[in-house]
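Pasting a structure here, questions to come.
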Amino acid sequence: MKSFIFAAAIASATAFAPAQVSKVSTSLKAFENEIGAQAPLGFWDPLGFLDRADQETFDRLRYVELKHGRIAQLAFVGNLITRAGYHLPGNIELDRAFADVPNGIAAINGPDAISTAALLQTLAFIGFLETRVMIDATGESQFRGDFRNGFDFGWDKQSPEWQANKRAIELNQGRAAMMGILGLMVHEQLGGSIPIVGQM
C-alpha cells in the first residue's frame with residue numbers, strides 16, 4: 001500500500017514537470033529573444049497571438065502589455081492604500097469626501113458607489129491622460145511606451161544591458177500586478193479576509 005501511495009505521489013509530481021516544447025514556426029523564432037521572454041517560461045504564447053505576427057504587431061501587443069501592466073500596478077497599490085485607510089483629501093462630489101467612498105469595485109458598482117457624474121468625470125480625466133499626456137510628444141522614444149518626452153532621468157547614461165534589464169523588470173512587475181489586481185477583485189467578490197489586505 002505504501003509503495004502504491006509513493007508511486008502515485010511521484011506520478012502526480014511529474015505532471016507538473018516542464019515538458020520539452022518543440023519550435024512551432026519560424027515566425028515565433030523572431031520573438032524568442034525579445035525582452036520579456038525570460039525564465040521560467042521563456043517565450044510563452046499559449047493562445048497563438050504571434051503565430052503569423054510581424055514585428056509591428058509584436059510591438060503593438062508589447063505596448064498594450066506594458067500599458068496594462070502599468071495600470072494594474074497603479075490599481076493594485078491604490079487598492080492596498082485605500083484599504084489601509086489612506087484617501088485623497090477633499091471631495092469627489094460636492095457633498096461627499098473621498099474617504100466616504102467604499103474600497104475596490106464597490107466604489108463604482110453598489111449601493112454606496114460614486115454618482116454617475118463623478119464616474120464620467122473620472123473616465124474623462126483618464127481619457128485626457130491617455131490621449132494628451134501619456135504619449136510620445138517628441139517622437140524621440142526609444143521604444144513604444146517610452147514617454148520621457150525629452151526628460152532623461154539618467155536613462156541614456158546607462159548601458160544597453162542595464163536598460164534591457166530594467167525593461168524586463170517592469171514587464172514582470174506589470175504581469176504580477178495584473179494577476180494581483182485580478183486576485184483582489186475575485187477575493188472581493190468572494191468576501192472574507194486576506195493577510196495584509198484585511199477584510200474584503
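Count residues from 1 along the sequence.
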| Within 6.0 Å of CG in N91, more than 12 heavy atoms from elsewhere |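 Yes, enclosed.
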| query | Between A37 and E32, what is the shortest heavy-atom contact and its length? | reply |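 The answer is CB-O, 3.4 Å.
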| query | Which residues satisfy the side-chain hydrogen bond (donor to acceptor under 3.5 Å, both in side chains) test with R148, sequence neighbours excluded? | reply |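 With neighbours one apart ignored, the set is D146, D156.
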| message | Please check: side-chain N/O of R144 versus main-chain N/O of V64, any donor-acceptor pairing under 3.5 Å? | response |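 Answer holds: no.
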| request: Enter the distance from L94:CG to S115:OG here, rounded to the nearest 0.5 Å. | output: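 Here the interatomic distance stands at 9.0 Å.
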| query | Okay, side chain of N149, backbone of A137: is any donor-acceptor separation there less than 3.5 Å? | reply |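 Judged by distance alone, yes, a pair lies under 3.5 Å.
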| field | Side chain D45, main chain L50, donor-acceptor under 3.5 Å | value |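 Flag set: sc D45 to bb L50 pair under 3.5 Å.
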| Looking at CE of M185 and CG of N79, how far apart are the two atoms once the value is rounded to the nearest 0.5 Å? |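 Reported value, rounded in 0.5 Å steps: 9.5 Å.
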| Below 4.0 angstrom, N of the basic side chain to O of the carboxylate: do E188 and R83 qualify? |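 Result for this pair is yes, salt bridge flagged.
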| query | Any idea how F147 and Y63 line up, ring-wise: parallel (<30°), tilted (30 to 60°), or perpendicular (>60°)? | reply |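 Ring orientation, 0 to 90° scale: perpendicular.
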| Does the salt bridge (Lys or Arg N to Asp or Glu O under 4.0 Å) test come out yes or no for E170 and R167, once each step is laid out? | CA-CA 5 Å; E170 182 182 20; R167 288 182 60 199; over 6 Å; no
| field | Flag for N165-E161: side-chain donor and acceptor within less than 3.5 Å | value |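 Distance-only check fails for E161 and N165.
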| request: For F143, look at atom CZ and say whether over 12 heavy atoms of other residues, nucleotides or ligands are found less than 6.0 Å away. | output: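 Counting other residues, nucleotides and ligands, CZ of F143 exceeds 12 neighbours.
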| When you measure from the side chain of R70 to the backbone N and O of G145, does any donor-acceptor pair fall under 3.5 Å? |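 Here the side-chain-to-backbone pair exists.
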| said: To the nearest 0.5 Å, what is the distance between CD1 on I81 and CZ on F76? | reply: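 One finds 11.0 Å between CD1 of I81 and CZ of F76.
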| query | Would Q121 and F125 count as a side-chain contact (heavy atoms from CB on, under 4.5 Å) if you check the C-alpha gap in whole Å, the side-chain angles of each, and the deciding distance to 0.1 Å? | reply | CA-CA 6 Å; Q121 180 181 5; F125 179 67; 5.9 Å; no
| Who passes side-chain hydrogen bond (donor to acceptor under 3.5 Å, both in side chains) against E34, sequence neighbours left out? |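 Here no residue qualifies.
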| said: Is the shortest side-chain heavy-atom distance between W155 and D152 below 4.5 Å? | reply: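 Yes. Closest side-chain heavy atoms under 4.5 Å.
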| request: Give a yes or no on this: more than 12 heavy atoms of other residues, nucleotides or ligands lie within 6.0 Å of atom CZ of F49. | output: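 Incorrect, the count does not exceed 12.
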| message | Main chain of V101, side chain of D112: is a donor-acceptor contact present, judged purely on distance under 3.5 Å? | response |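 Such a contact is absent between D112 side chain and V101 backbone.
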| request: Please round to the nearest 0.5 Å and tell me the distance separating atom CD of Q38 and atom CG of L171. | output: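 Output value for this atom pair is 7.5 Å.
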